[in-house]
Amino acid sequence: MRIHAESTWTPPPPDPDQPPAQIRRILRLFRPYRGRLAVVGLLVGASSLVGVASPFLLREILDTAIPQGRTGLLSLLALGMILTAVVTSVFGVLQTLISTTVGQRVMHDLRTAVYGRLQRMPLAFFTRTRTGEVQSRIANDIGGMQATVTSTATSLVSNLTAVVATVVAMLALDWRLTVVSLVLLPVFVWISRRVGRERKAITTQRQKQMAAMAATVTESLSVSGILLGRTMGRADSLTRSFETESERLVDLEVRASMAGRWRMSAVTIVMAAMPALLYWAAGLALQTGGPALSIGTLVAFVSLQQGLFRPAVSLLSTGVQIQTSLALFQRIFEYLDLPVDITEPERPVHLEKVRGEVRFENVDFHYEQDDEKSGPTLDGIDIAVPAGTSLAVVGATGSGKSTLSYLVPRLYDVTGGRVTLDGVDVRDLDFDSLTRAVGVVSQETYLFHASVADNLRFARPDATDAEIEAAARAAQIHDHIASLPDGYDTLVGERGYRFSGGEKQRLALARTILRDPPVLILDEATSALDTRTEHAVQQAIDALSEGRTTITIAHRLSTVRDADQIVVLDGGRIVERGSHAELLARGGRYAALVQGDVLMNTEAPPLPWDGGAAAQRRTSVRPASPQSG
């Protein structure tokens, strides 16, 4: 599935025949824990059997022990009723412990599976999906299933066993009263199923609304969102927008809570009134000459019927809860079922030592939803980058420069031709070889809300403090870090907002230096920096690029003119290639880019560490401007 980066992803429509298959899939989640669930089942069965013994003990007390004055029997029967309560409670605690543990493990498995799936999704998925939506699936949807996976299974088995055992006991006492007690049960089941369908539909809407709110919060309350909102004077507008979203959620929450509430209340009222009906039926039978019941039998039966009331109502509520939870499981399964395009082959090639030769061989690339008129993003690209040399890719915005660089680390896969590393198609390599071989430094520097050391160590978790410091020195950032009160333990803030743009770029370079990749991709790594900062970062880049295969995507002349070869892209095609001097002398597209300042030619005063040499080099190669000629 290749989807245009700007398209909007929507889940597939629900299949009306899906619930049975979905329930089977949910049950498979519990398969690794079937041993523990078997223990829970035994505890539930034992608890139910022990629980129904109490009414029979009560009948013997009322019909035998008390009327006959048998004190010893009375004491044993009373003790038996107490032991029944104790055993039932102990079994209940044990089954709750085991079932809750199993449920939490299932939730852990789901969270891990969704997160792992998202880690394998192509870059296009994240360019079209709001971050808050992803977070909501993991937090709200899986969190909303907690009651279902931790207690519903146990509750279902426990209540079902209790209902069956109680009905059998009631039949043993009097089948006629049993028929009276159960005559309305089919109606109750029908009502609960209808209520469950209503709540499932509302739950789907509610979860979507929660995802929309999460996306709003994530975007507007980030550092960037706060800055944009305040500088644009939209803080009040954003607050009103959030208030509207929250109002919608309030309405859905109330509807979810009240759906079928009156119908379920009617069921509760009818079942609560059953003891009175039983007493009335027994008295009426006695008045009309029907079969008489002993007081003990009648009280025991009513006790059983009352015992049936709780698990029966709970069983109906569990059915409603299961149908409601299907909406949450469906949203999670949508993510788990997303196809993963970029995968390892069955027998991947592992490269122990990478020289760094990169080749683009007749490479085509297009997004699946591009129409025919727009044409491919890249078309017939042939480039050879020998190991240890540098390639600069320039061109107007939208010419396909960044897309070309994304093909090497397989952030996207080619749709035609191939990209090779040391003669091996990158699609045939194992991920470990590819990630060790290719390092990427982009204009959008991302830093975690953690310490400087932790951000650098993300590239190599086993790196020593000395290695981290050496990488920072190479990136021209060590002195600044050392001047901070907490040094390398300084928190960088969300997305690194405690550091300037140039400092963040140098931290990113230090992180890449720590990885020491043979192939380096620089995607406009200095285009957003001021002149002085750019030259500081450029020195770090020069140090990092030495001895590596380097592919540079740039808008600034200073970052491309020393490249071994320069390629000019236009509309996804190569229109020129050569060295800086050759392309200037040719007077073609590259020269036009330079003269038109599309490739910005910057000047800056000499920096303290370059002794003015860098400035002299810049001046010596700067082409004459129209004003100077």
Side-chain angles (χ1 to χ4, degrees), residues 2 5 122-124 126-127 341-342 354 356-367 376-422 425-427 429 431 434-446 505 508-509 511-512 515 517-528 537-538 541 544-545 548-556 559-560 562-577 593 598-599:
R2 302 186 188 281
L123 186 62
F126 298 97
T127 63
D341 294 340
I342 300 177
V354 178
E357 180 190 45
V358 176
R359 287 182 178 270
F360 299 85
E361 300 177 359
N362 196 28
V363 167
D364 296 334
F365 179 83
H366 62 84
Y367 297 100
T377 305
L378 295 173
D379 185 11
I381 302 298
D382 276 298
I383 306 173
V385 189
T389 66
S390 58
L391 166 72
V393 183
V394 299
T397 300
S399 59
K401 304 186 301 298
S402 294
T403 301
L404 183 69
S405 69
Y406 291 160
L407 299 178
V408 181
R410 290 194 71 192
L411 298 178
Y412 294 99
D413 270 344
V414 298
T415 53
R418 66 176 193 158
V419 178
T420 66
L421 178 63
D422 289 352
D425 192 321
V426 293
R427 293 171 294 185
L429 292 173
F431 287 148
L434 191 59
T435 54
R436 282 190 297 104
V438 182
V440 180
V441 180
S442 66
Q443 178 183 351
E444 290 290 332
T445 302
Y446 189 86
Q505 280 290 5
L509 290 169
R511 189 164 56 190
T512 304
R515 280 191 60 208
V519 178
L520 180 64
I521 295 174
L522 303 170
D523 185 8
E524 302 188 19
T526 64
S527 63
V537 173
Q538 188 60 47
I541 289 176
L544 176 59
S545 304
R548 306 176 198 275
T549 304
T550 307
I551 299 175
T552 303
I553 312 299
H555 279 143
R556 293 195 174 183
T559 60
V560 302
D562 293 329
D564 294 310
Q565 60 175 318
I566 301 171
V567 166
V568 182
L569 291 184
D570 184 28
R573 293 175 177 270
I574 297 176
V575 293
E576 283 186 327
R577 71 175 77 207
L593 290 174
V598 176
L599 281 176

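Counting from 1, the numbers follow the sequence of the chain as shown. Treat the numbers as computed from the prediction; the structure is a model and nothing was measured.
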For the side chain of Thr549 and the backbone of Gly388, is there at least one donor-acceptor N/O pair under 3.5 Å apart?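 Yes, Thr549 side chain to Gly388 backbone: donor-acceptor pair under 3.5 Å.
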
Distance-only, no hydrogens or angles: does the Asp364 side chain make a donor-acceptor pair with backbone N or O of Gly380 under 3.5 Å? yes

Name of the residue among Val440, Ile553, Thr552, Ile551 meeting side-chain contact (heavy atoms from CB on, under 4.5 Å) with Leu522: Thr552

Going by side-chain contact (heavy atoms from CB on, under 4.5 Å), Leu407 matches just one of Ile381, Leu378, Val358. Which one? Leu378

Just to verify, what does Ser402 make a side-chain hydrogen bond (donor to acceptor under 3.5 Å, both in side chains) with, not counting sequence neighbours?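 Ser402 satisfies side-chain hydrogen bond (donor to acceptor under 3.5 Å, both in side chains) with Asp523 once adjacent residues are dropped.
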
Partner residues of Asp422 under the side-chain hydrogen bond (donor to acceptor under 3.5 Å, both in side chains) criterion, sequence neighbours left out: none

Just so I know, are the side chains of Glu357 and Thr420 near enough to count as touching, which here means a heavy-atom distance under 4.5 Å? no

Write down the atom of [X], the atom of [Y], and the distance for their closest heavy-atom approach.
X      : Y      : result
Phe365 : Thr415 : CA-OG1, 3.1 Å
Val438 : Ile521 : CG1-CD1, 3.8 Å
Arg577 : Val567 : CB-CG2, 4.1 Å
Pro518 : Arg436 : CD-O, 3.6 Å
Ala437 : Leu421 : CB-CD2, 3.6 Å

Leu569 side, atom CG; Thr403 side, atom OG1 - distance, nearest 0.5 Å: 9.5 Å

Would you please name every residue forming a salt bridge (Lys or Arg N to Asp or Glu O under 4.0 Å) with Asp570, sequence neighbours left out? Arg589

Arg427: what forms a salt bridge (Lys or Arg N to Asp or Glu O under 4.0 Å) with it, not counting sequence neighbours?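 Listed in chain order: Asp425.
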
Quick one: side-chain contact (heavy atoms from CB on, under 4.5 Å) partners of Pro517, sequence neighbours excluded?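 By the side-chain contact (heavy atoms from CB on, under 4.5 Å) rule, Pro517 matches Thr512, Arg515, Arg548.
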
Verify side chain to side chain contact (heavy atoms under 4.5 Å, CB included) between Gln505 and Val441, making sure each step is shown before the conclusion. CA-CA 8 Å; Gln505 280 290 5; Val441 180; 3.9 Å; yes

According to the side-chain hydrogen bond (donor to acceptor under 3.5 Å, both in side chains) rule, which pairs have a member within residues 381-391, sequence neighbours left out?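 As it turns out, the side-chain hydrogen bond (donor to acceptor under 3.5 Å, both in side chains) pairs with a partner in residues 381-391, which skip direct neighbours, are Ser390-Asp564.
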
